[in-house]
Participant: 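Dropping a structure here in structure tokens format, bear with me for questions.
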Protein chains: 4
Amino acid sequence: MQADDKRKLLARLARAEGQIVALRRMVEDDAYCVDVLTQVAAVRGALAGAGEVVLRNHVETCVAQALQSDDLAARDEKVDELMDVVARFAGRRR
Amino acid sequence: MQADDKRKLLARLARAEGQIVALRRMVEDDAYCVDVLTQVAAVRGALAGAGEVVLRNHVETCVAQALQSDDLAARDEKVDELMDVVARFAGRRR
Amino acid sequence: MQADDKRKLLARLARAEGQIVALRRMVEDDAYCVDVLTQVAAVRGALAGAGEVVLRNHVETCVAQALQSDDLAARDEKVDELMDVVARFAGRRR
Amino acid sequence: MQADDKRKLLARLARAEGQIVALRRMVEDDAYCVDVLTQVAAVRGALAGAGEVVLRNHVETCVAQALQSDDLAARDEKVDELMDVVARFAGRRR
């Protein structure tokens, strides 16, 4: 991952961490359930955004490299792995 | 929220926070993208689990109370709010 | 379900059915993968919209009735069932 | 798309179409909401399965070809398009 992308990704994750700290405080302070759920959705969204950055990087580097190779078994394996990651990203597999 | 549920929820959130700290370290250490994405999915799953606990509590308390009231406008408003929360939980709205 | 809601829901489902027919034709005619995937997302979205209508109706009738009852076991069972339905709606369970 | 994959995909879509017909009948016959929602989830799952087949095919053909090209702008465009499709598949964009 390029230095610039990595810095941005780490900033996003730091923000998500801060959001979880805020979430714990809300629960401790007995905030209204719907506000807690809104915050849960915000953190999950932030993490999905971070996941998209990593996924894009993965496609542009590892997957691109495998797809350029002549080793058909290695290509298939990489595509299997990508599909598995996408399915988990979409909440279709655990 | 009852003391016992609240303690369990806070423990789940503390775990999710720990998972994000681990995630940042993985990114800093240039871990393999797919492992990073697996960890992102794990934290998102943990947060969704926490959200389910809050949502259940919300239904059993606030929604139950509103549905028992004779104030039809207040009932409708609570059901609107619940549907909105469920839609966001399902990633159908932001 | 009230007659009006039912008519609207049936209209939505008829539309989703038409979209699947269009989808099959696209696949038969070797349409571009991304256009096929866009159409798949459209049908899934239409079905999720139909599901929201049914879920809302369920909360306003069956769940409301159970939450007004004095039978605590029946209430718990209904809330369990609702949470299960919401989790499946959110793609969290099969 | 290869003839064999295409036949399987069309069979899946025909099945999803049959499931929607069954769904409409359930609504017409005033089936229990939770059973209707279970059927909605089944059709959505079937469509997501069909979407995964198309997405895999897309990666193995169009994306693979673009990633092997020397035209960096064309590569970027294809990756943008893929990420957009994945985000929609994951319900992250409309």
Side-chain angles (χ1 to χ4, degrees), chain B residues 1-2 4-6 8-9 12-13 15-16 19 37-94, chain C residues 1-2 4-6 8-9 12-13 15-16 19 37-94:
Chain B
M1 189 173 268
Q2 294 194 320
D4 196 47
D5 286 348
K6 194 170 157 177
K8 279 183 199 157
L9 179 59
R12 264 175 194 262
L13 293 176
R15 219 157 31 231
Q19 286 176 309
L37 286 165
T38 299
Q39 180 73 0
V40 169
V43 194
R44 293 191 75 219
L47 286 168
E52 278 186 46
V53 172
V54 179
L55 187 55
R56 185 188 182 107
N57 185 265
H58 179 58
V59 169
E60 285 176 335
T61 56
C62 316
V63 177
Q65 204 177 334
L67 289 176
Q68 281 158 8
S69 128
D70 291 330
D71 182 344
L72 288 186
R75 281 182 58 159
D76 260 13
E77 210 180 296
K78 219 63 184 177
V79 173
D80 282 346
E81 190 190 61
L82 174 64
M83 291 311 299
D84 192 59
V85 151
V86 165
R88 268 183 291 139
F89 183 69
R92 297 252 315 143
R93 278 205 256 302
R94 288 295 130 77
Chain C
M1 188 172 270
Q2 293 194 323
D4 196 48
D5 286 348
K6 193 169 156 176
K8 279 183 200 158
L9 179 59
R12 266 174 193 261
L13 292 176
R15 216 152 40 228
Q19 285 175 309
L37 287 165
T38 300
Q39 179 74 2
V40 169
V43 195
R44 293 190 75 217
L47 287 167
E52 277 186 47
V53 173
V54 179
L55 186 55
R56 184 186 183 106
N57 186 262
H58 178 59
V59 169
E60 286 176 333
T61 56
C62 316
V63 177
Q65 204 177 335
L67 289 176
Q68 282 159 6
S69 129
D70 292 330
D71 182 344
L72 288 186
R75 282 181 59 159
D76 261 13
E77 209 180 296
K78 218 63 184 177
V79 174
D80 282 346
E81 190 190 60
L82 174 65
M83 292 309 300
D84 192 59
V85 151
V86 166
R88 267 182 292 139
F89 184 69
R92 296 253 314 143
R93 279 205 257 301
R94 289 297 130 76

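Just so we're on the same page: letters track the sequence lines, and every chain starts at 1.
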Participant: Taking all non-hydrogen atoms of both residues, which atom of Val59(B) and which atom of Leu82(C) are closest, and how far apart?
Facilitator: CG1-CD2, 3.9 Å

Participant: Can you pull out all donor-acceptor pairs below 3.5 Å that join chain C and chain B?
Facilitator:
unit_1	atom_1	unit_2	atom_2	d
Glu52(C)	OE2	Arg92(B)	NE	2.9
Glu52(C)	OE2	Arg92(B)	NH2	3.1
Arg56(C)	NH1	Asp80(B)	OD1	2.8
Arg56(C)	NH2	Asp80(B)	OD1	2.7
Leu67(C)	O	Gln68(B)	NE2	2.4
Gln68(C)	NE2	Leu67(B)	O	2.5
Asp80(C)	OD1	Arg56(B)	NH1	2.8
Asp80(C)	OD1	Arg56(B)	NH2	2.6
Arg92(C)	NE	Glu52(B)	OE2	2.9
Arg92(C)	NH2	Glu52(B)	OE2	3.1

Participant: Tell me which pairs pass ring pair (Phe, Tyr, Trp, His ring centres under 6.0 Å) where either residue lies in residues 59-94 of chain B, with sequence neighbours left out.
Facilitator: none

